[in-house]
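Start at 1 and go down the list; that is how both ligands and their atoms are numbered.
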Amino acid sequence: MTRRPMIAGNWKMHKLQSEAVELFNGIKDGLRDYTIEQLPEVVVAPVFTSISSVVAQKTECGCGCKGQKIKVAAQNCYWETQGAFTGEVSVEMAKDAGCELIIIGHSERRQYFSETDEMINKKAKAILNNGLVPIICCGETLEQREHGVTDAHITSQIQKALEGITTEDASKIVIAYEPIWAIGTGKTCDADEANRVIKMIRNVVKDLYNTEVADAVRILYGGSVKPETIEEQMSKSDIDGALVGGASLKADSFVKIVLGARSKVNA
Ligand code: PEP
């Protein structure tokens, strides 16, 4: 089966509203000459305070895309609908602001905000229950890799993140394999090794559900993806796209990455 590739930009805690709008419009301009069908699914994840301003730029660019060429994601959410949870944002609220996807379980949230697999599982369920798509991040530390426990660690992260999620919902999820030692370090994981781990993740999904779901789930690679690395990464059998941090903060490099992923569009 063919999986639609995805390139998602994680803007992390960068960009004031005016800067976020400028970046979004720069990406929109850079993709103007391409129709939705000619591109991977393109997603950007601004900070919460910029989401509405960015969504307001999602207008028709002249190619008939009806403003749907670039989707907007949140970088996090809380699983409860509303209530006394100071500082949190619910899935419904992110959806109301125009988000179609939500990144969860990013290693920075696990590391700095003590997010656990159980919390990520609750978030994934809340996202799917609201009809949005979770981008579930997983990945090993350098220490885990050196101790040879990469596969066991990631298997456990995926099993816990997907616990109790139905077969129907499971096929909608996106997983991002992000080796922590490759995030923001300039060191990319060897493309063959990234593909091996991603195939392993697909097998975990197959064991939890079935072949159909495993074939449908998109699995991205993340970790210092650059315009120079994307073509080789996309040439690998199981890499369905990329979650991009640093290189998504400039329109020209992000656009180059999006265009570099076209090899798998309608492949
Ligand atoms: C990320 O934040 O998910 C990421 C992969 O960052 P970078 O591309 O900067 O390594």
Side-chain angles (χ1 to χ4, degrees), residues 5-15 19-20 23-24 27 40-48 50-51 54 70-77 99 101-113 115 120 123-124 127 133-142 144-145 150 153-154 157-158 161 173-191 193-195 197-198 201 218-234 236 238-261:
M6 174 184 285
I7 299 293
N10 173 13
W11 294 356
K12 309 195 185 192
M13 199 175 76
H14 291 287
K15 308 283 177 194
E19 295 166 334
L23 175 56
F24 184 86
I27 297 167
E41 192 168 356
V42 183
V43 179
V44 296
V47 293
F48 279 120
S50 294
I51 286 174
V54 166
I70 310 172
K71 293 184 177 172
V72 176
Q75 297 176 21
N76 182 31
C77 65
C99 292
L101 306 93
I102 304 185
I103 299 170
I104 51 172
H106 192 281
S107 62
E108 288 153 15
R109 294 221 51 91
R110 293 181 192 254
Q111 185 183 350
Y112 304 131
F113 305 99
E115 285 199 4
I120 291 154
K123 292 180 187 202
I127 294 167
V133 173
I135 301 178
I136 305 173
C137 303
C138 62
E140 80 287 0
T141 61
L142 186 58
Q144 287 167 327
R145 174 159 285 269
T150 297
H153 175 68
I154 291 168
Q157 283 184 320
I158 296 299
I173 64 170
V174 175
I175 295 173
Y177 166 55
E178 300 207 302
I180 296 170
W181 48 270
I183 297 179
T185 58
K187 285 184 212 156
T188 36
C189 180
D190 173 76
E193 171 59 9
N195 195 50
V197 176
I198 286 175
I201 295 171
R218 286 174 295 172
I219 312 182
L220 317 180
Y221 165 76
S224 298
V225 172
K226 306 174 206 55
E228 306 82 62
T229 65
I230 190 69
E231 283 181 29
E232 191 195 359
Q233 286 153 344
M234 293 306 288
K236 303 298 169 190
D238 281 65
I239 301 182
D240 299 321
L243 180 56
V244 188
S248 72
L249 295 173
K250 289 218 165 76
D252 65 337
S253 55
F254 188 66
V255 165
K256 278 184 192 151
I257 292 171
V258 170
L259 297 181

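With sequence neighbours excluded, the residues forming a side-chain hydrogen bond (donor to acceptor under 3.5 Å, both in side chains) with H153 are Q144, Q157, listed by chain and number. Under the side chain to side chain contact (heavy atoms under 4.5 Å, CB included) criterion, A20 pairs with W11, K15, S50, V54, not counting sequence neighbours. Residues satisfying the side-chain hydrogen bond (donor to acceptor under 3.5 Å, both in side chains) test with Q111, not counting sequence neighbours, are none.
Under a 4.0 Å N-O distance rule, the pair K256/E228 does not qualify as a salt bridge. The pair E193-R145 meets the salt-bridge criterion, with a side-chain N (NZ, NE, NH1 or NH2) lying under 4.0 Å from an Asp/Glu carboxylate O.
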Per-pair distances, ligand 1 N/O vs protein N/O, less than 3.5 Å:
unit_1	atom_1	unit_2	atom_2	d
ligand 1	2 (O)	N10	ND2	3.4
ligand 1	2 (O)	K12	NZ	2.7
ligand 1	2 (O)	H106	NE2	3.0
ligand 1	3 (O)	H106	NE2	2.9
ligand 1	3 (O)	E178	OE1	3.0
ligand 1	3 (O)	E178	OE2	2.7
ligand 1	6 (O)	G245	N	3.4
ligand 1	8 (O)	S224	N	3.4
ligand 1	8 (O)	G245	N	2.8
ligand 1	9 (O)	G246	N	2.8
ligand 1	10 (O)	G184	N	2.6
ligand 1	10 (O)	S224	N	2.7

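Considering I257, V258, D252, L259 as possible partners of V255, the one that fulfils the side-chain contact (heavy atoms from CB on, under 4.5 Å) test is L259.
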